Number of protein chains: 2
Amino acid sequence: MGWFQELFYFCKMLSKKTKYAFHALTYLGKHKEEGSVLIQDIATEHGISHKFLENILLELKKAGFLGSKKGKGGGYYLIKEPKDIPLSRIIRLLDGPIALLPCVSLNYYEACEECKDQVKCGLNKVMIQVRDETLNILENKTLSDILDKE
Amino acid sequence: MGWFQELFYFCKMLSKKTKYAFHALTYLGKHKEEGSVLIQDIATEHGISHKFLENILLELKKAGFLGSKKGKGGGYYLIKEPKDIPLSRIIRLLDGPIALLPCVSLNYYEACEECKDQVKCGLNKVMIQVRDETLNILENKTLSDILDKE
DNA sequence: ACAAACCCTACTTTTTTTATAGGTTTTATA
DNA sequence: TATAAAACCTATAAAAAAAGTAGGGTTTGT
């Protein structure tokens, strides 16, 4: 498929940051008509620390998912269609580059320290398969799937 | 280069513990005929700390994947057929939950603090789908798939 | 007896995640 | 135009988890 398949192969549990991001996006999706929504409203609804959520929304804004309005009467709002926000994009943004397994990347390749010869590494080959299959799932589920089920 | 690097290093991957476990299992699978294998042999082969690997092998033994023999001439050996060791079992043992959220985990379930009503949570429902599809992949790939590719 | 090898528990260090703090800037409106 | 509300920004502290270390205990072949 494409280079973007490299993005995923196997993910552990989502961080709170990412989970909160999904909650916030869902909230914003549900309150689209209201124009903009306060950080505090989302924080209160889900019992999240205002300041923590603030950082998350800022990241989502910088990444182009949200717009905002400063000052009195301001707030955040979605600037993308929910169907154009795949789970993979959000997870990637918030969970960030952490534990690496560069040995499954074709585009940014780096050998594992413990592998003498990657070409002969069965783990590498199987994990590439898993990556391809998992990516297929997460690229195709979007915020709109979440909203449909609320 | 910044954005590029981030693209390919964004997701939580397998912990070293789990990765080493797979390497050890693969090594044991390849050296089945020899009866038993020393921790040190595996550690040396992959440049892993002996003591760290020792803990991992002990866990694998307690979980019923390996047998061992103490004393001179001892070592570890597989007591399950590679085809009966799915990736999911090893990942769960060493890394914990496969689900992306605690509220959709089969083996490590925990209610979300921030969810007033899980039954109405769209994120929960979508993540259950993701879990089922991901599990389907990880339960059907086994150690024998890795060995076949070595 | 002795050395080899696994067994067990606890601890330390390092890294990552989570959360907080303390301001600055922008904007509506009284 | 003063004020308060709200987003914006950066740094740092606290907590948790992962990675690695230490040191002895137990079993076993020779």
Side-chain angles (χ1 to χ4, degrees), chain A residues 11-21 23-24 28 34-44 46-63 65-77 79 91 93-101 113-114, chain B residues 9-21 23-24 28 34-44 46-63 65-77 79 91 93-97 102 108 110 112-114:
Chain A
C11 276
K12 286 160 59 179
M13 196 93 79
L14 298 181
S15 67
K16 288 195 176 183
K17 245 178 150 174
T18 304
K19 196 166 62 162
Y20 294 163
H23 283 308
L28 290 170
E34 295 164 30
S36 73
V37 171
L38 298 185
I39 296 174
Q40 191 55 58
D41 290 350
I42 306 172
T44 302
H46 289 288
I48 306 169
S49 140
H50 176 112
K51 278 294 196 178
F52 193 41
L53 186 58
E54 191 172 301
N55 292 328
I56 296 166
L57 293 179
L58 210 49
E59 276 197 78
L60 288 169
K61 187 203 166 184
K62 285 178 182 167
F65 297 103
L66 304 182
S68 67
K69 201 181 155 196
K70 282 185 177 182
K72 214 169 187 173
Y76 281 99
Y77 46 90
I79 59 174
I91 294 172
L93 180 68
L94 279 309
D95 269 346
I98 305 166
L100 338 171
L101 248 193
E113 290 168 19
E114 76 276 10
Chain B
Y9 282 70
F10 86 108
C11 198
K12 294 187 186 183
M13 301 297 178
L14 300 180
S15 69
K16 290 195 174 183
K17 245 178 150 174
T18 304
K19 200 167 55 161
Y20 293 163
H23 282 309
L28 290 171
E34 294 164 30
S36 72
V37 171
L38 298 186
I39 297 173
Q40 191 55 58
D41 290 351
I42 306 172
T44 302
H46 290 288
I48 306 168
S49 141
H50 175 112
K51 279 294 197 177
F52 193 40
L53 186 58
E54 192 172 300
N55 293 328
I56 295 167
L57 292 180
L58 210 47
E59 276 197 78
L60 288 169
K61 186 204 166 184
K62 285 178 182 168
F65 297 104
L66 305 182
S68 66
K69 201 182 156 196
K70 283 185 178 181
K72 215 167 186 174
Y76 280 99
Y77 46 89
I79 58 174
I91 293 171
L93 179 68
L94 281 308
D95 261 352
Y108 300 80
E110 207 173 290
C112 291
E113 291 166 18
E114 76 277 9

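None of the values given here were measured: they were computed from a predicted structure. In what follows, chains are A, B, ... by sequence order, proteins preceding strands, each numbered from 1.
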So CZ of B:Phe52 and NZ of B:Lys16: to nearest 0.5 Å the spacing works out to 8.0 Å

Across all chains, not counting sequence neighbours, the side-chain contact (heavy atoms from CB on, under 4.5 Å) partners of B:Asp41 are B:Tyr27, B:Val37, B:Leu38

Residues at least two apart in sequence or cross-chain that pass salt bridge (charged side-chain N to carboxylate O under 4.0 Å, His left out) with B:Glu34, listed by chain then number, are none

For B:Thr18, the side-chain hydrogen bond (donor to acceptor under 3.5 Å, both in side chains) test, sequence neighbours excluded, returns B:Ser15, B:Asp95

Between CD1 of B:Ile42 and P of C:dC6 the distance, given in whole Å, is 9 Å

Atom CG of A:Leu14 and atom P of C:dT16 are separated, to the nearest Å, by 18 Å

Hits for side-chain hydrogen bond (donor to acceptor under 3.5 Å, both in side chains) against B:Lys61, two or more places apart or cross-chain, chain-then-number order -> B:Ser68

note: A:Leu94, atom CG; C:dT16, atom P; distance rounded to Å ~ 17 Å

Axis-to-axis angle across the helix from C:dA1-D:dT30 to C:dA30-D:dT1, five pairs each end, nearest 10 degrees, ~ 10°

Contacts of B:Lys70 meeting salt bridge (charged side-chain N to carboxylate O under 4.0 Å, His left out) (sequence neighbours excluded), chain-then-number -> none

Taken to the nearest whole Å, CZ/B:Phe52 to P/C:dT14 is 15 Å

> Contact class for B:Ile39 vs. all strands (heavy atom < 4.0 Å): base, sugar-phosphate, or nothing?
Replying inline: sugar-phosphate

Rounded to whole Å, CG of B:Asp41 lies from P of C:dA4 at a distance of 14 Å

Here the distance between atom C1' of D:dA4 and atom CG of A:Leu38, to the nearest Å, is 14 Å

| task | Would you classify A:Lys62 as touching base, sugar-phosphate or nothing, given that sugar-phosphate means primed atoms plus P, OP1 and OP2, and contacts are heavy atoms under 4.0 Å? | result | sugar-phosphate

Taken to the nearest 0.5 Å, the spacing of B:Ile42 CD1 from B:His50 NE2 works out to 10.0 Å

From CD1 of B:Ile56 across to C1' of C:dC6 the rounded distance in Å is 15 Å

5' to 3', nucleotides 22-30 of chain D under a 4.0 Å protein heavy-atom cut-off (B base, S sugar-phosphate only, - none) gives BBB--BBS-

- Query: Do the side-chain N or O atoms of B:Ser68 get closer than 4.0 angstrom to the phosphate oxygens (OP1, OP2) of C:dC7?
  - Reply: yes

Taking for B:Lys61 and for A:Ile48 the nucleotide of DNA chain C with the nearest heavy atom, the one nearer the 5' end belongs to B:Lys61

Problem set entry | Phosphate contact (D:dA19 OP1 or OP2) by B:Ser49 side-chain N/O below 4.0 Å | no

The side-chain hydrogen bond (donor to acceptor under 3.5 Å, both in side chains) partners of B:Thr44 (sequence neighbours excluded) come to B:Gln40

With sequence neighbours left out, the residues meeting salt bridge (charged side-chain N to carboxylate O under 4.0 Å, His left out) with A:Lys17 are A:Glu59

In whole angstroms, the gap separating C1' of D:dA6 from NE2 of A:His50 amounts to 8 Å

